[in-house]
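This structure is a prediction, so every number in the text was calculated from the model and none was measured. When a residue number appears, it is its place in the shown sequence, counting from 1.
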Amino acid sequence: MYRLNMYGNCMLIKMQVDSGEIGELQVNVVDSNNAPIQDARVIIRRPRQIGDEQQSQVQEVEQLQTDVSGQTEVVDLGTPPLSLSLDESNDLKPYANYDVEINAPGYETENIDNVEVLANELSIQNVKMRRVEGDETDNINIPPHTLYYEYPPKIPEDDIKDVDEPGEIVLSRVVVPEYVVVHDGAPSSNAKDYYVTYKDYIKNVASSEIYATWPQATLEANILAIMSFTMNRVYTEWYRNKGYDFTITSSTAYDQKWINGRNIFESISLVVDNIFDQYLSFPDVRQPILTQYCDGKRVTCPNWLSQWGSCNLGEQGYSTLEIIRNYYGSEMYINTAEQISGIPASWPGYNLDIGASGPKVQQVQEQLDTIAEVYTAIPQITADGIYGERTQAAVRAFQKIFDLPQTGIINFATWYKISQIYVGITRIAEGIPR
């Protein structure tokens, strides 16, 4: 089924300031229980770049305050030209970097350096603040994008794994996990493990490995490859069967590039929300395919997806499936997982809008009303099972807060986002380390 050199040089800095093109940035701030933090102070700075002789120190660009939903307003920031992120022959950095500092009474200061902003794209920086436990400051430094900086290339593996012993998930059915455990380094390294929701993991990896400015079909094809690779690791319990306590690593030599605390991009986020239950399959093969890929510029990889090559195909008008089959073969198809773990009840299979009624409407009204107790910009509603104007207004407010198209209609993406936020707020997932 298908639904659809590390920092810039002097020349690049001039482009960032004088190109005349802009991107957007919004900062979303929550506490450790995912409740929004109002009146947090957010300072955005443009860091001094190597070779920038005219700027002796960081330059403050914006000072903002979060609203009742923990969000800043969307601000415009200067970027290099859009064309740089679409040109495979370009060696200049196609995005601008900004540093973000977040302060709120009772919480430790958070500093996030090198947030990436692309021309014509909304960059979303999510921040989770911790209660004061001393004078600590949490510092996150986002390393360069994989298409701009040289990381270790993927060590080739078989795309279909031999699985002898069935585990908790292996060989039974394909399930979208609620969480993946990411080991932030090579498998044998003494690195930290992070519990990350599946969708957040995919959005992070995609924002780290492809440019959000690429054609829609290219984004979908690459994200499907990222998801299928991840689902193969989940389904085969690849690392757990080797004695490790994690699902996947952040090493590009073994898996995919995941960066703790990095920003994501709206266009990538929307694609993931719409297709996150999908993966790539071959006929008569039960497991998701380990869809390996490379940048296609520094590293070439026959029979794997080329990221830059897929951008070129998307610009030529190729569809998502045509791009996928161009690299993985004509038998590859897009499959849908049987179940999404950790969600109270499944998507009804149709949109909910004005005039809809029944238990599915009542269920989502109850979830929205619970969410509205924490996110007070969402109007509270009565769970009467009838989709009226007040329910529509609550849905539209929810969509605004969580960066979804503000239609007032509960589609696939909105349904599962409501379920995800409801699960987090009601602590259904309590016991998962955070």
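- Taking the six-membered ring where tryptophan is involved, the planes of Tyr151 and Tyr149 are perpendicular, since the angle between them exceeds 60° and thus also 30°.
- Looking only at distances, no side-chain donor or acceptor of Arg286 sits under 3.5 Å from a matching main-chain atom of Arg173.
- Residue Ser207 comes nearest to Asn263 through the heavy atom pair CB-O, 3.8 Å, listed as atom of the first residue, atom of the second, then distance.
- Side-chain contact between Pro283 and Tyr333: present, with at least one pair of heavy atoms (C-beta onward) separated by less than 4.5 Å.
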Worked check of salt bridge (charged side-chain N to carboxylate O under 4.0 Å, His left out) between Arg233 and Glu157: CA-CA 12 Å; Arg233 291 293 197 230; Glu157 298 180 45; 2.6 Å; yes

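- Counting only heavy atoms from C-beta outward, the side chains of Thr79 and Leu118 never approach each other to under 4.5 Å.
- Side-chain atoms of Asp255 and Tyr239 form a donor-acceptor pair, as typed in the model, at a separation below 3.5 Å.
- Note that CD1 of Ile378 and CD1 of Ile371 are 6.0 Å apart. Values are rounded to the nearest 0.5 Å.
- At distances below 3.5 Å, at least one donor-acceptor pair connects side-chain atoms of Asn232 with backbone N or O atoms of Pro288.
- Residues Val285 and Ile289 are in side-chain contact: their nearest non-hydrogen atoms beyond the backbone lie under 4.5 Å apart.
- Atom CD of Glu331 sits in a sparse spot, with 12 or fewer heavy atoms from other residues, nucleotides or ligands closer than 6.0 Å.
- Side-chain atoms of Gln292 and Asp159 form no donor-acceptor pair, as typed in the model, at a separation below 3.5 Å.
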What do the steps show when you test Arg130 against Tyr107 for side-chain hydrogen bond (donor to acceptor under 3.5 Å, both in side chains), and what is the final call? CA-CA 5 Å; Arg130 302 171 299 165; Tyr107 294 91; over 6 Å; no

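- If you take CG on Asn114 and CG on Asn97, they are separated by 4.5 Å, rounding to the nearest 0.5 Å.
- Judged by distance alone, the side chains of Asn126 and Asn28 do bring a donor and an acceptor atom under 3.5 Å apart.
- Looking only at atom types and distance, the side chain of Asn120 has no donor-acceptor partner in the side chain of Glu21 under 3.5 Å away.
- Smallest separation of non-hydrogen atoms from Val115 and Gln125: CG2-OE1, 3.3 Å.
- The shortest heavy-atom contact between Ala96 and Gly78 is CB-O, 3.4 Å.
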Pair Trp415-Leu352, side chain to side chain contact (heavy atoms under 4.5 Å, CB included): steps then yes or no: CA-CA 9 Å; Trp415 174 275; Leu352 300 178; 3.9 Å; yes

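- Crowding of Tyr194 atom OH: a count of heavy atoms from other residues, nucleotides or ligands under 6.0 Å exceeding 12.
- Checking side-chain atoms of Ser267 against main-chain N and O of Ala212 turns up a donor-acceptor pair under 3.5 Å.
- No donor-acceptor pair under 3.5 Å is formed between the side chain of Thr197 and the backbone N or O of Glu178.
- Between Leu290 and Lys161, some side-chain heavy-atom pair lies under the 4.5 Å cut-off.
- A cation-pi geometry, defined here as NZ or CZ lying under 6.0 Å from the six-membered ring centre and within 45° of its normal, does not hold between Arg240 and Phe246.
- The shortest side-chain heavy-atom distance between Arg41 and Glu101 falls under the 4.5 Å cut-off.
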Side chain to side chain contact (heavy atoms under 4.5 Å, CB included) between Asn312 and Glu315, intermediate numbers included: CA-CA 5 Å; Asn312 296 333; Glu315 290 186 307; 4.0 Å; yes

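- Aromatic ring centroids of Tyr327 and Tyr293 lie 6.0 Å or more apart.
- Here the shortest heavy-atom pairing between Lys128 and Glu110 reads O-OE2, 3.7 Å.
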From CA spacing to verdict: side chain to side chain contact (heavy atoms under 4.5 Å, CB included), Glu24, Leu77: CA-CA 6 Å; Glu24 296 177 323; Leu77 298 171; over 6 Å; no

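- Aromatic ring orientation, Trp214 versus Tyr211: perpendicular (interplanar angle above 60°, classes split at 30° and 60°).
- Here the OH atom belonging to Tyr387 is positioned 9.0 Å from the CG atom belonging to Asn351, to the nearest 0.5 angstrom.
- Salt-bridge annotation for Lys257 and Glu209: absent, with no side-chain N of the basic residue lying under 4.0 Å from a carboxylate O of the acidic one.
- For Asp87 (side chain) and Ser83 (main-chain N/O), no donor-acceptor pair under 3.5 Å exists by modelled atom type.
- Remark: the Glu121 side chain and the Tyr95 side chain contain no N/O donor-acceptor pair separated by less than 3.5 Å.
- The backbone N or O of Ser208 lies less than 3.5 Å from a partner atom in the side chain of Thr146, making a donor-acceptor pair.
- The heavy-atom pair separating Ser69 from Ile401 by the smallest distance is OG-CD1, 3.3 Å.
- What you find for Thr320 and Ala221 is that their closest heavy atoms are CG2-N, 3.7 Å.
- In this structure a side-chain-to-backbone donor-acceptor pair under 3.5 Å is missing from Tyr148 to Pro94.
- The shortest distance between side-chain heavy atoms of Cys311 and Glu88 does not fall below 4.5 Å.
- Using a 4.5 Å cut-off on side-chain heavy atoms (C-beta onward), Trp304 and Lys154 make contact.
- With 3.5 Å as the limit, one finds no donor-acceptor pair spanning the side chains of Arg45 and Tyr98.
- Using modelled atom types, one finds no donor on one side chain facing an acceptor on the other under 3.5 Å when comparing Thr336 with Asp277.
- We find the CD-OG distance between Gln363 and Ser419 to be 6.5 Å, quoted to the nearest 0.5 Å.
- Proximity of Thr230 to Ile248: side-chain heavy atoms (C-beta onward) are separated by under 4.5 Å at one or more points.
- Ser123 contributes no side-chain N or O that, together with a main-chain N or O of Val117, makes up a donor-acceptor pair within less than 3.5 Å.
- Residue Arg390 holds its CZ atom at 8.5 Å from CD1 of Ile381, rounded to the nearest 0.5 Å.
- Between Asn222 and Ser310, the side chains place a donor N or O and an acceptor N or O closer than 3.5 Å (distance only, hydrogens not considered).
- A salt bridge links Asp273 to Lys203: at least one charged side-chain nitrogen sits closer than 4.0 Å to a carboxylate oxygen.
- A donor-acceptor pair is defined here as one N or O able to donate and one able to accept, closer than 3.5 Å; such a pair exists between the side chain of Gln365 and the backbone of Asp384.
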Determine, step by step, whether Leu305 and Thr291 satisfy the side chain to side chain contact (heavy atoms under 4.5 Å, CB included) criterion, reporting the C-alpha distance in whole Å, the side-chain angles of both residues, the deciding distance to 0.1 Å, and the verdict. CA-CA 8 Å; Leu305 181 143; Thr291 39; over 6 Å; no

side-chain hydrogen bond (donor to acceptor under 3.5 Å, both in side chains) between Asn111 and Asn139, intermediate numbers included: CA-CA 5 Å; Asn111 286 309; Asn139 293 299; 3.2 Å; yes

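- The distance between the ring centers of Phe276 and Phe412 falls below 6.0 angstrom.
- With values rounded to the nearest 0.5 angstrom, Asn141 atom CG is found 11.5 Å from Asn260 atom CG.
- Put simply, the side chain of Ser228 never gets that close to the backbone of Tyr279: no donor and acceptor are under 3.5 Å apart.
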